[in-house]
Peer 1: 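Take this structure, written in structure tokens, and hold onto it; I'll ask about it next.
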Amino acid sequence: MQQKIRFQIEGMTCQACASRIEKVLNKKDFVESAGVNFASEEAQVTFDDSKTSVADIAKIIEKTGYGAKEKTEDTLPQPEAEHHIGWRLWLLFAINIPFLIGMAGMMIGRHDWMIPPIWQFALASIVQLWLAVPFYKSAWASIKGGLANMDVLVTIGTVSIYLYSVYMLFFSPNAAHGMAHVYFEVGVMVIGFVSLGKFLEHRTKKSSLNSLSLLLKLTPTQVNVQRDGEWKQVPIDQVQIGDLIRANHGERIAADGIIESGSGWADESHLTGESNPEEKKAGGKVLAGALMTEGSVVYRAAQLGSQTLLGDMMNALSEAQGSKAPIARVADKAAAVFVPTVVGIALLTFIATWLIKGDWTLALMHAVAVLVIACPCALGLATPAAIMVGMGKAVKHGIWFKDAAAMEEAAHVDAVVLDKTGTLTEGRPQVAAVYCVPDSGFDEDALYRIAAAVEQNAAHPLARAIVSAAQARSLDIPTAQNAQTVVGSGITAEVESVGLVKAGKAEFAELTLPKFSDGVWDIASIVAVSVDNKPIGAFALADALKADTAEAIGRLKKHNIDVYIMSGDNQGTVEYVAKQLGIAHAFGNMSPRDKAAEVQKLKAAGKTVAMVGDGINDAPALAAANVSFAMKGGADVAEHTASATLMQHSFNQLADALLVSQATLKNIKQNLFFAFFYNILGIPLAALGFLNPVIAGAAMAASSVSVLGNALRLKRVKID
């Protein structure tokens, strides 16, 4: 049986490390697929659990030289520790200071500012023989695994220049005369700059990029719980399901629960993207992470930790951020051959410079500069860094993408297919008119009673409207048995003392409606009713458009995205709604199969199609579309099928989703361009001697941070 598991990976230093783990795992016959995200430091593995176990896969990863810790949905992500500069980096800074002063002196002709060679040797030895050991360990583990990483380049370059300087200081003919040309500062400063770059990169990945750190702050650490009749403040990990918890003005809700007493207003924008607070009163629900902006409530905990909606979102976001977008394959392929290629270029640079210039010292400096300037990290971070920020921005707008591939595909959408009910409209239709067939023997109240008896077995908004209308009339609704849904047509049931009742489309109930003077029948949804295959009447139900629908349609048109309505309602109703919204493509009387077929036609015509729906009948079309969106709280099958979930029942959120995706893909392409351009430009400049190893080391360290900085710009991008 196939099982999917996630691991937090420790010890990766660049994209080559991630590629190496992927390569090892994907070679195993029991692994269906394995992907490692360098930016989120996570591995996602799909495997056959009848042939291996989670523990065995963790051991495979550990044998490649990295730590692997299983991540499950039962445990919420943990807050990241503060990222402070450690003693190792501080010591590197201290050792770099005299070399920086010396190099500054040489730039203005003051060679006496550089410390004596023997002191240079002593300080460089501390760095190369002690502080640089983590680079050596990583490089060796990488080489053993068959894929060289960035640390291999740094190790070869700095060790080469260190050994050369040692030779020149102690064994060269000029050493006895005190005229040896040494370059200890190169290795020291390269190790220093690269270490600083790694620190900044790690801090940015763990804090600034990852929206999980912000979500974790939404759960209070201490809560007021009623114990033994008294209110006590306890740590949140001591709260149990069923506990009574009090949340006052300005405090966060600690668990999903039901309000027992009190009232107020709560901000739930962290889950829905809706900035307006929700009113809370006895009997209502509260959600973990919500902020009480007014009032005070006492609620009973129903779900805790990962079982809350907030916990579910955090796990979904963590998994989505750790997944890979298809565009990342470009960088992965390049990173897989990057280091060996750079080593080859460095070797050719050394040979060519020595042959042309006749100076093997200069040749060595050029070769080291090539090794140091190359940066596979920028390539590895280009896609996942943008995906992490883009996913976080989407969640802030109440959009949950299942994975990075869905977000990338959403960026290409140029056609949107919509169901009408619950998507463009409020989804709460009301009975606007009633028709009773003359001489049928059933009056209006009887029509309501019979229809409600059948429709109370259905979940469609039209069915709920009829049941609510019958209850509002205080009618006794009879019992219905053997209810069966005919997908796309209606529902049938045996009603006590009545017979076989059908409720649904007019043709399903074998009803031919007369021409009405009341125009509502031309634009309303029709539910016809028959008893023992004889029509007895019909209901006209009207549904108001959502307030933001017209605005959302305008936003999509502005970005050249075509909009199509495909609904099971009659053609007149669908065309009426389409005309109100300025939508040119409107299809009514469509079954679930019809919707899916029309989506396939659009795809065959070259369109990238997004489907939006919230019902069971939307599932086939959702599955057929390139990317699909379901409304939170809709049918389970729709949410399961969809590529993303919209937390508000708002069409504007779909526009947000597509525009966030477009901005994210644009950012990825910018990052990839920068990463490739940096290496394509930097390596030749280093080979030709225009960059010395120290400047190359600083530039290499800055390149990854620059890519991360560009990804962070996504947080400030406006979508309109």
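Note that the structure is a prediction, hence the values are computed from the model and not measured.
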Peer 1: Side chains of L654 and L418, heavy atoms from C-beta outward: is any pair under 4.5 Å?
Peer 2: yes
Peer 1: Flag the pair Y435 / P514 as yes when at least one side-chain heavy-atom distance between them is below 4.5 Å, and no otherwise.
Peer 2: yes
Peer 1: Side chains of V531 and L500, heavy atoms from C-beta outward: is any pair under 4.5 Å?
Peer 2: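 No, every pair of side-chain atoms sits at 4.5 Å or beyond.
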Peer 1: Please tabulate, one pair per line, all N/O donor-acceptor pairs under 3.5 Å involving side-chain atoms of residues 440-450, not counting sequence neighbours.
Peer 2:
from	atom 1	to	atom 2	distance (Å)
S440	OG	V437	O	2.9
S440	OG	F442	N	3.3
D443	OD1	D445	N	3.3
D443	OD1	A446	N	2.8
E444	OE2	R473	NH2	2.4
D445	OD1	R473	NH1	2.7
R449	NE	D476	O	2.9

Peer 1: With no hydrogens and no angle check, is any side-chain donor or acceptor of Q653 less than 3.5 Å from a backbone partner on M647?
Peer 2: yes
Peer 1: When you measure from the side chain of N652 to the backbone of T549, do you find a donor-acceptor pair of N or O atoms at a distance under 3.5 Å?
Peer 2: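 Side chain of N652 to backbone of T549, a donor-acceptor pair under 3.5 Å: no, none is there.
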Peer 1: E598 and Q600: side-chain donor and acceptor closer than 3.5 Å?
Peer 2: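 Per modelled atom types, E598 and Q600 side chains form no pair under 3.5 Å.
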Peer 1: Compare every heavy atom of T293 with every heavy atom of A266, then report the nearest pair and how far apart it is.
Peer 2: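 In terms of heavy atoms, the two residues are closest at N-OG1, 4.2 Å.
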Peer 1: Could you tell me if K502 and N533 have a donor-acceptor pair between their side chains, going purely by distance under 3.5 Å?
Peer 2: yes
Peer 1: Using modelled atom types only, decide if a donor and an acceptor are shared between the side chain of Q662 and the backbone of H412 within a distance under 3.5 Å.
Peer 2: no
Peer 1: Does a side chain donor of either T664 or N667 reach within less than 3.5 Å of an acceptor in the other side chain?
Peer 2: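 N667 and T664 do not have a side-chain donor-acceptor pair below 3.5 Å.
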Peer 1: Is a donor on one side and an acceptor on the other found under 3.5 Å between the side chain of S468 and the backbone of A465?
Peer 2: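 The answer is no, because no donor-acceptor pair under 3.5 Å joins these two groups.
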Peer 1: Do E268 and V286 pass the side-chain contact (heavy atoms from CB on, under 4.5 Å) test, and can you show the C-alpha distance, the side-chain angles, and the key distance before you say yes or no?
Peer 2: CA-CA 9 Å; E268 297 177 345; V286 288; 5.6 Å; no
